[in-house]
Protein chains: 2
Amino acid sequence: MARWEPRAAERLQKAALELYLERGFEAVTASEIAARAGLARRTFFRYFADKREVLFAGSGQLAEALSDAVASADPALSPLNACLAAGESVGARLAEWSADAARRRQVIEASPELQERERSKMAQLTTAAVEGLARRGVDAERAQLVAEIAILIFHTAFARWIDGAGKVAFEDCYREATVELRAAVA
Amino acid sequence: MARWEPRAAERLQKAALELYLERGFEAVTASEIAARAGLARRTFFRYFADKREVLFAGSGQLAEALSDAVASADPALSPLNACLAAGESVGARLAEWSADAARRRQVIEASPELQERERSKMAQLTTAAVEGLARRGVDAERAQLVAEIAILIFHTAFARWIDGAGKVAFEDCYREATVELRAAVA
DNA sequence: CGAGTGATGGCACGGTGTGCCATTGCGATG
DNA sequence: CATCGCAATGGCACACCGTGCCATCACTCG
């Protein structure tokens, strides 16, 4: 099966996360990441469009999952509640999988450039939610607003869950954030 | 008063906006912007940290104004309402001033990189609102959530106002977005 | 007139991201 | 087995970015 050492992309991600942790994002070179992964600089840019993307692999699949979850949520739910339900289930799955979440977050928090990219990924999730809402027949303007609110909750909950260092369940963070939203708006 | 041609930064902004409109952000070089402004490339990077920043000058002052407006809003208002009131007044002042808003928005919408930067500027506004809320004694976690909601409204209203092409008042867009928020959450 | 000062220009450097082509290793086909 | 095809990889060159450093310019002040 494997012609060369397998899982090149995975190795690059691992190497990048390590180096970013050791020296900070800006002080790390694409060549260095590639070298640690046993690959050439040119190969790095085949797998990832730039130095930031290497930390956000798989976010496209997350967006797709969210879109589907929104579209297929209980038809009786309001647009916002459909998004919130979808966000909770998708986020819960994500929370199981990622043991690197805290280290990733640590790296991102130390770099404005990476924060910028993370916001783009959140925007991508918003777009996915909008798309899911469209499949429910929600009109575009309203969908945009609703999706933004839902992703705000999602992001808030995720951040708090990571800060909780495994002592709190993601779903609890999520519901707490939802309650706070409703209280703040009321 | 003026040693060289005055208002170098202003000239650079004008040249950049023109070129970005003509050829798109990515196809324009810092050297070209500087040349059109009658300056050297090196000078461009003295005024603006990178090619994106040239479109976002003055956003720092906006953030400061917002922070102050939040802090000095009617003490009887809830945190969210204080932010919303502050956002409306600051946004209204901004709406008067900027005739380039539509062209700027057109350029930004055509470039993912610029959208990324715009999100950073919105985040900066959020931080400013959080700071204003802190001066009101709102605790940090709640302030973050409330500020994000307020900036979401602000951004939505601004986008719709620009799309309205001068036919609608900013305040109307703002209030409409606020009503939709409350309806969506309820 | 000369010293001081702040804006500007020029230069060089390391890094980024990309197009292009050569090389490598493996499976499939005869 | 020979050889073709193919996809991953590597190497090279290039334009551009952003920055440190220093020289130059134009104006002010003593």
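All chains are named by letter (A, B, ...) in the order of the sequence lines, taking the proteins before the strands, and each is independently numbered beginning at 1.
The residues B/Glu118 and B/Arg52 are annotated as not salt-bridged, no charged nitrogen and carboxylate oxygen being separated by less than 4.0 angstrom. For the pair A/Glu18 and A/Lys14, the salt-bridge criterion is met [side-chain N within less than 4.0 Å of a carboxylate O]. Using a 4.0 Å cut-off between a side-chain N of Lys or Arg and a carboxylate O of Asp or Glu, B/Glu26 and B/Lys51 do not qualify as a salt bridge. Note on B/Glu176 versus B/Arg160: salt bridge recorded, some NZ/NE/NH1/NH2 to OD/OE distance being below 4.0 Å.
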> Which nucleotides of nucleotides 10-19 of chain D have their base under 4.0 Å from a protein heavy atom (B), which only their sugar-phosphate (S), and which neither (-), written as one string 5' to 3'?
Replying inline: BBBB--SBBB

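Under the 3.5 Å distance criterion, with hydrogens and angles disregarded, a donor-acceptor pair is assigned to the side chains of B/Arg135 and B/Ser67.
Judged by distance alone, with hydrogens and angles left aside, the side-chain atoms of B/Glu32 form a donor-acceptor pair with the main-chain N or O of B/Thr29 at under 3.5 Å.
Near-neighbour residues of DNA chain D inside residues 109-118 of chain A, defined by a heavy atom below 4.0 Å, are absent.
Taking only side-chain nitrogens and oxygens, A/Tyr47 never comes nearer than 4.0 Å to OP1 or OP2 of D/dA8.
Atom CZ of A/Phe25 and atom P of C/dG15 are 14 Å apart (whole Å).
Remark: A/Glu109 CD is packed, more than 12 non-hydrogen atoms of other residues, nucleotides or ligands lying under 6.0 Å away.
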N/O donor-acceptor pairs under 3.5 Å from side chains in residues 142-156 of chain B, not counting sequence neighbours:
| unit_1 | atom_1 | unit_2 | atom_2 | d |
| --- | --- | --- | --- | --- |
| B/Gln144 | NE2 | B/Glu148 | OE2 | 3.0 |
| B/Thr156 | OG1 | B/Leu152 | O | 2.7 |

